[in-house]
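Worksheet: the structure to be examined is printed underneath.
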2 protein chains.
Amino acid sequence: MKAEYNERANFIEETGMIFERLGVTRMAGRILGYLMVSDKEHVSFDELTQVLQASKSSISTNLKALSNVEFVKPHTLPGDRKTYYMLSPDIDWREYLIRRFENIRTMNNHFKKGLALRVNQKDEVSNWLADTVEFYDWLLKEYPRFMDQWQMKRP
Amino acid sequence: MKAEYNERANFIEETGMIFERLGVTRMAGRILGYLMVSDKEHVSFDELTQVLQASKSSISTNLKALSNVEFVKPHTLPGDRKTYYMLSPDIDWREYLIRRFENIRTMNNHFKKGLALRVNQKDEVSNWLADTVEFYDWLLKEYPRFMDQWQMKRP
DNA sequence: CTTTTTGTTCAGTAAAAATAGAACCAAAAA
DNA sequence: TTTTTGGTTCTATTTTTACTGAACAAAAAG
């Protein structure tokens, strides 16, 4: 058992933990981890069940979830019934960040709603809420321009 | 039962749901929601158990967690044994965002590790990983400057 | 038409997380 | 000193989530 093997195995488990903390399942994280360090670019369903020592159902469910959010892309070959999977080269992390910023927008709107519901609009909490809203309004207005700088650097 | 009352109640439950999706407990979210729309600035432990109809233990645990991450600040008065709680006016959302960016740094480092473990450094997946790393390297380098713009606008 | 391959889906189990209830404790009040 | 207040902590209980295993299905192969 080579050292390299253990490094990969560790990497896979670490990926599982990292994604678990992000709210994805540990198994989905493991799949991503394996897709990252596999020496093949395309990995079959069956290989995943074996390498990750997981049930077909778990792999199936998680692969589907990962495909839905387009983190993973299925790949097929003529004359081959299997489906292979790879890390989706279509993920645009800039797009992904933008989606995350939209969550911030939701939260900011919620803060506005909360502030509006307060009786005293001028106490410390209200002021803090107002400041918060002001900051996020600024952020949401300005971040596209920031992102554009990346587009300009790498068209 | 006034319409206003229901709006507040709805707001509290929504806050619970929103924070639950962010990985905090629903009850912690409810506490934050109530602290946002309460007409008092400082709210007692006991009031929280009653308004949120939750057990003392649940309130205690969640208040402690919220205090630990400094979302909530305890407030005491001379001659009063109770502890009151408020939304912490000390939360600096800029600081908070910066902490979140540090998570991105962790992820980016993990990507680098994964890329290094790949056998073929020049296939599609490797290229995609390399591009991703490049984008995040740029982002992590540039975002402090972006944040400084806010500092300049609001010193 | 029957068997095999390649998964998917459903029903049950195991594991984890959130909450409740009760015992408990320290400090203040009586 | 005893009692009450204000809350914490420990041990269930409930709820949710992830995973497994087995039944099932579609399509290809024999």
Side-chain angles (χ1 to χ4, degrees), chain A residues 12-35 40 42-69 71-86, chain B residues 9 12-35 38 40 42-69 71-86:
Chain A
I12 293 166
E13 290 307 306
E14 277 173 36
T15 315
M17 302 301 276
I18 288 176
F19 278 82
E20 188 173 40
R21 222 165 27 95
L22 294 176
V24 190
T25 69
R26 189 180 297 182
M27 191 65 76
R30 286 199 190 102
I31 292 173
L32 291 173
Y34 185 64
L35 293 183
K40 298 158 203 151
H42 308 288
V43 174
S44 74
F45 183 99
D46 193 51
E47 182 173 347
L48 286 169
T49 64
Q50 292 184 0
V51 168
L52 305 182
Q53 301 198 79
S55 66
K56 290 199 293 174
S57 56
S58 181
I59 296 298
S60 176
T61 307
N62 282 292
L63 268 180
K64 216 175 153 187
L66 287 170
S67 301
N68 282 340
V69 293
F71 271 58
V72 151
K73 196 181 174 181
H75 181 82
T76 54
L77 291 167
D80 190 341
R81 286 211 264 162
K82 295 187 186 179
T83 309
Y84 297 84
Y85 298 89
M86 71 185 299
Chain B
I12 293 165
E13 289 307 306
E14 277 173 36
T15 314
M17 303 300 276
I18 288 177
F19 277 83
E20 188 173 40
R21 221 164 31 92
L22 295 177
V24 189
T25 69
R26 188 179 296 183
M27 191 63 75
R30 287 200 189 102
I31 291 173
L32 291 174
Y34 185 64
L35 293 182
S38 159
K40 297 157 202 151
H42 307 287
V43 173
S44 74
F45 183 98
D46 192 52
E47 183 173 346
L48 286 170
T49 64
Q50 292 183 2
V51 167
L52 305 181
Q53 302 198 80
S55 66
K56 289 199 293 175
S57 57
S58 183
I59 296 299
S60 175
T61 308
N62 282 291
L63 268 181
K64 216 174 152 188
L66 287 170
S67 300
N68 282 340
V69 294
F71 271 59
V72 152
K73 195 181 176 182
H75 181 83
T76 54
L77 291 167
D80 189 340
R81 286 211 265 161
K82 294 187 189 180
T83 309
Y84 297 84
Y85 298 90
M86 71 184 300

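Residue numbers begin at 1 in each chain, while the letters A, B, ... track the order of the sequences. Just so you know, these numbers come straight off a predicted model, no measurement behind them.
With sequence neighbours left out, the side-chain contact (heavy atoms from CB on, under 4.5 Å) criterion links V51(A) to Y34(A), E47(A).
With rounding to whole Å, L77(B) atom CG is found 15 Å from dG6(D) atom C1'. If you take CG of D80(A) and C1' of dG7(C), they are 13 Å apart, rounded to a whole angstrom. Computed from coordinates, the Q53(A) CD to dA18(D) C1' distance equals 17 Å when rounded to whole Å.
Each end of the helix from dC1(C)-dG30(D) to dA30(C)-dT1(D) gets its own rotation axis from five pairs of C1' atoms, and the angle between them is 20° to the nearest 10 degrees.
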Pick out the pairs of N or O atoms, protein on one side and nucleotides 7-11 of chain D on the other, that lie under 3.5 Å.
from   : atom 1 : to     : atom 2 : distance (Å)
dG7(D) : OP1    : T83(B) : N      : 2.5
dG7(D) : OP1    : T83(B) : OG1    : 3.3
dG7(D) : N7     : K56(B) : NZ     : 2.6
dG7(D) : O6     : K56(B) : NZ     : 3.1
dT8(D) : OP2    : S60(B) : OG     : 2.6
dT9(D) : OP2    : K64(B) : NZ     : 3.2

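In terms of heavy atoms, Y85(B) sits closest to L35(B) at O-CD2, 3.7 Å. Here the shortest heavy-atom pairing between S38(B) and V43(B) reads OG-CG2, 3.6 Å. Considering every non-hydrogen atom in both S57(B) and T61(B), the closest pair reads O-OG1, 2.7 Å.
A close approach under 4.0 Å does not occur between any side-chain nitrogen or oxygen of N62(A) and OP1 or OP2 of dA18(D).
Within a heavy-atom distance below 4.0 Å of DNA chain C, the residues of residues 15-34 of chain B found are T25(B), R26(B), M27(B).
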In residues 19-28 of chain A, what donor-acceptor pairs under 3.5 Å come from side-chain atoms, sequence neighbours left out?
from   : atom 1 : to     : atom 2 : distance (Å)
E20(A) : OE1    : R26(A) : NE     : 3.1
E20(A) : OE1    : R26(A) : NH2    : 3.2
E20(A) : OE2    : R26(A) : NE     : 3.2
E20(A) : OE2    : R26(A) : NH2    : 3.3
T25(A) : OG1    : A28(A) : N      : 3.1
T25(A) : OG1    : N62(A) : OD1    : 2.6

Table please: side-chain donor-acceptor pairs of residues 75-82 of chain B below 3.5 Å, with sequence neighbours left out.
from   : atom 1 : to     : atom 2 : distance (Å)
D80(B) : OD1    : K82(B) : N      : 2.9
D80(B) : OD2    : Y84(B) : OH     : 2.7

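Atoms CD1 and CD1, on I12(B) and I31(B) in that order, are 11.0 Å from each other to the nearest 0.5 Å. Note that CG of L63(B) and CG of L48(B) are 5.5 Å apart. Values are rounded to the nearest 0.5 Å. Between the NE2 atom in H42(A) and the OG1 atom in T83(A) there is a gap of 12.5 Å [rounded to 0.5 Å].
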